[in-house]
Amino acid sequence: MLTVRYWAAARAAAGTEAELVPGGRPLAVVIAELSALHGERLAAVLARSSFLCDGEQWHRTNTELLPPDGQLDVLPPFAGG
């Protein structure tokens, strides 16, 4: 299973810090599934977020399959600094 970890606004919108979803699918499919599962609030955050899979940046247009047992970090835009 792919571990999805949510940070900042993504965590608040998902209502959890992490969850398991099936891996071995493109990022766009996982994003659509998470949006359907958690609703419009998370969908809006995901639309603005960056994604790291096992420490490497992934773009939603990437057609490669996410690893079946990897870790996907959802990083919404951060303010401040």
Item to complete: Quick one: name the residues clustered hydrophobically with Met1, using the 4.5 Å side-chain heavy-atom rule over I, L, V, M, F, W, Y, and just say none if it's on its own.
Response: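 So far as hydrophobic clustering goes, Met1 is joined with Leu20.
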
Discussion item. Side-chain heavy atoms under 4.5 Å apart, restricted to Ile/Leu/Val/Met/Phe/Trp/Tyr: what other residues fall into the cluster of Leu65, or is it alone?
Written reply: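 Taking Ile, Leu, Val, Met, Phe, Trp and Tyr as members, Leu65 stands alone, with no cluster partners.
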
Please confirm whether the backbone N or O of [Y] pairs with a side-chain atom of [X], one donor and one acceptor, at under 3.5 Å?
{"X": "Arg60", "Y": "Ile31", "value": "no"}
{"X": "Arg25", "Y": "Pro22", "value": "yes"}
{"X": "Asp54", "Y": "Gly70", "value": "no"}

State, with a plain yes or no, whether a side-chain heavy atom of [X] is found less than 4.5 Å away from one of [Y].
{"X": "Ser49", "Y": "Leu75", "answer": "no"}
{"X": "Arg5", "Y": "Glu17", "answer": "no"}
{"X": "Asp69", "Y": "Thr3", "answer": "no"}
{"X": "Leu42", "Y": "Ser35", "answer": "no"}
{"X": "Asp73", "Y": "Tyr6", "answer": "no"}
{"X": "Val4", "Y": "Val74", "answer": "yes"}
{"X": "Glu33", "Y": "Val21", "answer": "yes"}
{"X": "Glu64", "Y": "Trp58", "answer": "yes"}

Worksheet item: Roughly how far apart are Glu19 CD and Leu34 CG, rounded to 0.5 Å?
Response: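 Answer rounded to 0.5 Å: 5.5 Å.
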
Worksheet item: Quick one: CD on Gln71 to SG on Cys53, what's the gap to the nearest 0.5 Å?
Response: 8.5 Å

Practice prompt. Report the C-alpha distance between Phe51 and Asn62 in whole Å, list the side-chain angles of each, state the deciding distance to 0.1 Å, and finish with yes or no for side-chain contact (heavy atoms from CB on, under 4.5 Å).
Written response: CA-CA 11 Å; Phe51 302 90; Asn62 188 336; over 6 Å; no

Worksheet, complete the sentence: Between Val45 and Pro76, the two heavy atoms sitting closest are CG1-CB, 3.9 Å

Worksheet item: Can you name the salt bridge (Lys or Arg N to Asp or Glu O under 4.0 Å) partners of Arg48, sequence neighbours left out?
Response: none

